[in-house]
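Here's the structure, in structure tokens; my notes come after.
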Amino acid sequence: MLGIDVTSVDRIKRMFEKFGIKAYQKFLSEEEIKLIKRAETAAGFWAAKEAASKAIGTGIGKECGFHDIKISKDELGAPKLKYKKHIRKKFNIKKSHLSITHDANLAIAVVKNSKKKK
């Protein structure tokens with residue numbers, strides 16, 4: 001269960017410039033928005049949620065939306081990922097790992113999920 005996504009930082013910047021906070025509210029919770037200090041972070045969160053949805057095999061859509069996936073940071077600032085309970089249960093997810101990086105106007109995220117043993 002592996003997913004990857006690449007997002008343009010400029011695309012997220014333009015979205016925010018055009019729509020303001022509503023752009024972030026489309027894909028982030030209020031707690032997640034509080035973590036955004038730069039467009040690179042927002043693009044990384046977008047990529048993370050896309051990668052997470054790909055890791056369960058659905059992509060963002062009817063079965064798994066942006067708000068079914070939560071991004072937070074640990075005490076060292078590393079990103080953490082958590083699916084809502086109904087997603088974890090439906091896709092038998094035991095644990096999720098997330099890595100986000102930024103370079104040359106790109107944000108890239110990789111998500112790896114492990115399944116519960118049956």
Side-chain angles (χ1 to χ4, degrees):
M1 297 179 71
L2 185 68
I4 187 169
D5 191 71
V6 177
T7 301
S8 162
V9 175
D10 280 346
R11 182 169 63 103
I12 301 300
K13 269 187 199 174
R14 285 192 306 273
M15 215 170 66
F16 184 77
E17 288 167 357
K18 185 173 183 178
F19 299 107
I21 196 70
K22 288 187 186 292
Y24 287 169
Q25 291 169 335
K26 174 183 176 179
F27 68 100
L28 299 171
S29 69
E30 292 302 318
E31 297 83 32
E32 292 166 323
I33 291 170
K34 290 176 187 174
L35 298 173
I36 304 299
K37 306 291 187 256
R38 306 175 324 159
E40 289 83 358
T41 304
F45 281 20
W46 179 287
K49 290 186 177 203
E50 287 279 1
S53 69
K54 292 172 184 176
I56 61 171
T58 65
I60 293 293
K62 183 179 144 191
E63 288 195 69
C64 181
F66 283 116
H67 292 282
D68 290 323
I69 303 162
K70 299 292 180 203
I71 310 287
S72 61
K73 293 190 177 185
D74 70 13
E75 59 281 349
L76 298 175
K80 293 173 35 176
L81 172 93
K82 186 169 186 179
Y83 296 93
K84 283 196 173 175
K85 187 176 183 177
H86 74 277
I87 297 291
R88 288 193 320 268
K89 187 174 181 179
K90 181 175 184 174
F91 294 97
N92 196 30
I93 299 167
K94 178 181 179 182
K95 190 162 178 109
S96 299
H97 301 278
L98 167 63
S99 181
I100 301 173
T101 190
H102 316 89
D103 189 32
N105 193 41
L106 296 174
I108 303 166
V110 176
V111 171
K112 182 178 187 291
N113 294 325
S114 58
K115 289 190 172 197
K116 293 180 182 177
K117 294 181 181 172
K118 293 185 176 186

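What you see is a predicted model; the values in this text were computed from it and never measured.
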For this session: In sequence, state the C-alpha distance, the side-chain angles, and the governing distance for Ile12 and Phe45, and then conclude on side-chain contact (heavy atoms from CB on, under 4.5 Å).
Result: CA-CA 10 Å; Ile12 301 300; Phe45 281 20; over 6 Å; no
For this session: Please step through side-chain contact (heavy atoms from CB on, under 4.5 Å) for the pair Ile60 and Ile69, ending with a clear verdict.
Result: CA-CA 10 Å; Ile60 293 293; Ile69 303 162; 4.3 Å; yes
Exercise. When you look at Lys82 and Arg88, which way does the side-chain contact (heavy atoms from CB on, under 4.5 Å) test go after all the steps?
Worked result: CA-CA 9 Å; Lys82 186 169 186 179; Arg88 288 193 320 268; 3.2 Å; yes
For this session: Please assess Glu31 against Lys73 for the test salt bridge (charged side-chain N to carboxylate O under 4.0 Å, His left out), listing each intermediate value before the final yes or no.
Result: CA-CA 11 Å; Glu31 297 83 32; Lys73 293 190 177 185; over 6 Å; no
For this session: Give the intermediate values and the outcome of side-chain contact (heavy atoms from CB on, under 4.5 Å) for residues Arg38 and Lys13.
Result: CA-CA 9 Å; Arg38 306 175 324 159; Lys13 269 187 199 174; over 6 Å; no
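With hydrogens and angles disregarded, no donor-acceptor distance shorter than 3.5 Å links the side chain of Lys54 to the backbone of Gly59. Listed for the His67 side chain is a donor-acceptor partner under 3.5 Å among the backbone atoms of Lys26.
Taking NZ of Lys70 as the start and CD1 of Ile87 as the end, the distance is 11.5 Å to the nearest 0.5 Å. Summarising the geometry, atom SG belonging to Cys64 is positioned 9.5 Å from atom NZ belonging to Lys49; distances are rounded to the nearest 0.5 Å. Within the model, atoms NZ of Lys22 and CD of Gln25 stand 6.0 Å from one another, a figure rounded to the nearest 0.5 Å. Between Ile36 atom CD1 and Thr41 atom OG1 the span is 5.5 Å, to the nearest 0.5 Å. In this structure, the separation between NZ on Lys37 and CD on Glu40 is 14.0 Å, given to the nearest 0.5 Å. Between the CD atom of Glu32 and the CD atom of Glu30 there is a distance of 10.0 Å, given to the nearest 0.5 Å.
By the 4.5 Å heavy-atom criterion applied to side chains, Lys112 and Lys95 are not counted as neighbours. Residues Asn113 and Phe91 are not in side-chain contact: their nearest non-hydrogen atoms beyond the backbone lie 4.5 Å or more apart. Under the 4.5 Å side-chain criterion, counting only non-hydrogen atoms from C-beta, Ile71 is in contact with Leu98. Looking at Val6 and Glu50, their side chains never come closer than 4.5 Å, going by heavy atoms from C-beta outward. Looking only at side-chain heavy atoms (C-beta outward), Leu35 and Leu28 stay at 4.5 Å or farther from each other.
Relative orientation of the Trp46 and Phe27 rings is perpendicular, given thresholds of 30° and 60° on the angle between their planes.
Atom CG of Asp74 has more than 12 heavy atoms from other residues, nucleotides or ligands within 6.0 Å.
Hydrophobic clustering, with ILVMFWY side chains joined whenever heavy atoms are under 4.5 angstrom apart, keeps Ile56 apart from Leu2. Hydrophobic cluster membership is shared by Phe66 and Tyr83, with clusters built from Ile, Leu, Val, Met, Phe, Trp and Tyr side chains linked at under 4.5 angstrom. Placement of Ile93 and Leu81 within a single hydrophobic cluster is found when ILVMFWY residues are connected by side-chain heavy-atom separations under 4.5 Å, directly or transitively.
The minimum heavy-atom distance between Ile100 and His102, with the atom names listed, is CG2-NE2, 3.9 Å. Across Ala47 and Ala107, no two heavy atoms sit closer than the pair CB-O, 3.9 Å. In plain terms, the two heavy atoms of Lys115 and Lys94 that are nearest each other are C-CB, 3.8 Å. Residues Ala55 and Gly3 come closest through the heavy atom pair CB-N, 3.6 Å. The shortest heavy-atom contact between Ser8 and Ala43 is O-CB, 4.4 Å.
In this view, Tyr24 and Phe16 satisfy the ring-ring contact (aromatic ring centres under 6.0 Å, His included) rule, not counting sequence neighbours. Qualifying ring-ring contact (aromatic ring centres under 6.0 Å, His included) partners for Phe19, counting only residues two or more places apart in sequence or in other chains: none.
We find that Lys80 and Glu75 are not joined by a salt bridge, their nearest charged nitrogen and carboxylate oxygen being 4.0 Å or further apart. A salt bridge is defined here as a Lys NZ or Arg NE, NH1 or NH2 lying under 4.0 Å from an Asp or Glu carboxylate O, and Lys90 with Glu63 meets this definition.
Donor-acceptor pairing under 3.5 Å is recorded for the side chains of Thr7 and Asp5.
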